[in-house]
Structure formats: C-alpha cells, structure tokens
Amino acid sequence: MWALILVWGCLLLPGYGAMVGPKEISGFEGDTVSLQCTYQEELRTHQKYWCKQGGFLLSRCSNTIYAGEDGQETTEGRVSIQDSPQTLTLHVTLRKLTLQDSGKYYCGVSKLGRDESVLVSLLVFPGTSRPPTQPDFTSAEDTPLSPSSSSSVSSVSIPTVRILAPVFVLLALLLAAGLAALGSCVLRWRKEAHLATETQRNGKVHLSHLKQRLSELDPHVFG
C-alpha cells in the first residue's frame, strides 16, 4: 500500500529544477518578445508546449500550442514555439503584443503524472517603447510575481562626446585668452591713469615752487 502511494506521489510531483525559464517578461503594444525555457536531459523526447494559465475543469491551461517534432517551428496566430532537443531548449516568440496578452503562461513538458512546467508572467504596457528589464530565471512553478521597476536613464553617447570634446577645449582656450587680454588692458589702463596722476601732481608742485621762487626774486629784480 505504501509503495503504491510513494510511486503515485513520484508521478504527481514535478522534478525539482527539471525545467527553467524566466519568471517575467515584458513589452509594449506591438512589440515582439521572445523567451527560452530549458529542460533536463530526461525530458528530451517528451512533447513541449506553451499555454496560458486558466483552463476549464481539471485543465490549468487554455490556448495550448504544442511544439513540432524534429525541431520544427509551430505557429498559431501570433505565437510561435520551437523545441531544440540538441540544446534542450524550448523557444517561444510572441508577436504584435496587445494589452489583452498580459497574464501568466506555462512553458511545459508533457509527461506521465504531473507535467514539468515553469510559470511565466507577461506584462504588456501601452505605448511603443520597450522598458529596460533584466531577465530573472527561476525553476519554481508557482513563484509569486514580484513587482518590477523600470528606470529611464538618459545619457550622451560616446561618439557625441568625442565630437564635442575638441569644441569645448577650443571654447575654453578662447575664453582664457579673452580673460587674459582683458586683464592686461585693465592693468595697462591703471598704469596709465596712475602715471597721468603722478605727472599732474609733479606739475603742480613744480609750478608752486616756481611761483615761490619768483616771489622771492621779485623785489630784487624790479626794485
């Protein structure tokens, strides 16, 4: 009795890490996104599939697409899948994304008992630019979806910097030369003003001495 329970449990429980894939992918409306799910050697000959979570009754899937044999690509609507047994990889491509495509999907492998699968969350954003995302791989089937944040960083490209660098250097040199010329002109003007002041002061002193000298000599000259 216990042996039968153990065998049945082994059939129902998925193998740990038997299939690995991204837990989240994202894109904007109209984009094409691709992902890869890898599986272990013992699943090489099993049938692979891609489906959306939420089936009827006992099924957990809807809109299931099965991969073709011998590495042939299968396309249904805007979704294509291809099994590559040589690399133990299932390739999935989703084209012309719509907001209704957002949801949870399974990369799966059919097997006796419970299928091996990876739960993948697809986020579709309104717009035409793809948000920067980092692929996060997991082998857990029902890993909770963690919120992801995207940041937009604007930077000047390296070729642009290389082109503008000589211009900035030239402008800096011209500015330095202009400041030096202005400083020289100010210094010269100050020196000329100081020299003129000294000359005027010396002229007044000389004239005063001359008047004093004439006043001293006047009685003798005109007496």
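Only this structure's heavy atoms are used, side chains among them; waters, hydrogens and symmetry mates stay out. One-based numbering along the sequence shown.
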**Q.** Test log, rule side-chain contact (heavy atoms from CB on, under 4.5 Å), inputs Leu119 and Lys23
**A.** CA-CA 6 Å; Leu119 185 63; Lys23 71 177 182 179; over 6 Å; no

For [X] against [Y], the heavy-atom pair lying closest together:
X: Gly27; Y: Leu97; value: CA-CD1, 4.1 Å
X: Phe28; Y: Val124; value: C-CG1, 4.2 Å
X: Lys96; Y: Thr32; value: N-OG1, 4.0 Å
X: Pro85; Y: Arg44; value: O-NH1, 2.5 Å
X: Ser62; Y: Cys51; value: O-CB, 3.7 Å
X: Gln100; Y: Lys52; value: O-NZ, 3.3 Å

For the atom pair [atom1] ([X]) and [atom2] ([Y]), what is the distance rounded to the nearest 0.5 Å?
X: Leu90; Y: Gln47; atom1: CG; atom2: CD; value: 11.0 Å
X: Trp189; Y: His194; atom1: CH2; atom2: NE2; value: 13.0 Å
X: Arg95; Y: Asp101; atom1: CZ; atom2: CG; value: 13.0 Å
X: Ile81; Y: Gln72; atom1: CD1; atom2: CD; value: 12.0 Å

Below 4.5 Å, heavy atoms only, C-beta onward: do [X] and [Y] meet side chain to side chain?
X: Cys107; Y: Met19; value: yes
X: Cys37; Y: His91; value: no
X: Leu122; Y: Ser102; value: no
X: Leu99; Y: Glu29; value: yes
X: Leu88; Y: Thr38; value: no

Test item: [X] side-chain N/O and [Y] main-chain N/O as donor-acceptor pair under 3.5 Å:
X: Ser34; Y: Thr93; answer: no
X: Lys48; Y: Thr89; answer: no
X: Glu116; Y: Val109; answer: no
X: Asp115; Y: Lys111; answer: yes
X: Arg78; Y: Leu94; answer: no
X: Thr197; Y: Ala193; answer: yes
X: His46; Y: Ser110; answer: yes

Q: I would like to know whether Tyr39 and Asp83 meet side chain to side chain donor-acceptor pair (under 3.5 Å); could you show each step before the answer?
A: CA-CA 10 Å; Tyr39 49 86; Asp83 182 23; 2.6 Å; yes

Do the side chains of [X] and [Y] join up, straight or via other hydrophobic residues, at under 4.5 Å, putting them in one cluster?
X: Val33; Y: Val79; answer: yes
X: Val118; Y: Ile65; answer: yes
X: Ile25; Y: Tyr49; answer: no

Q) Are Tyr106 and Trp50 close enough that their ring centres sit under 6.0 Å apart? A)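 No - the distance between ring centres of Tyr106 and Trp50 does not fall below the 6.0 Å cut-off.
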
Q.
Checking Val120 against Lys104 for the side-chain contact (heavy atoms from CB on, under 4.5 Å) test, could you report, in this order, the C-alpha distance in whole Å, the side-chain angles of both residues, the deciding distance, and whether it holds?
A. CA-CA 6 Å; Val120 182; Lys104 296 184 178 181; over 6 Å; no

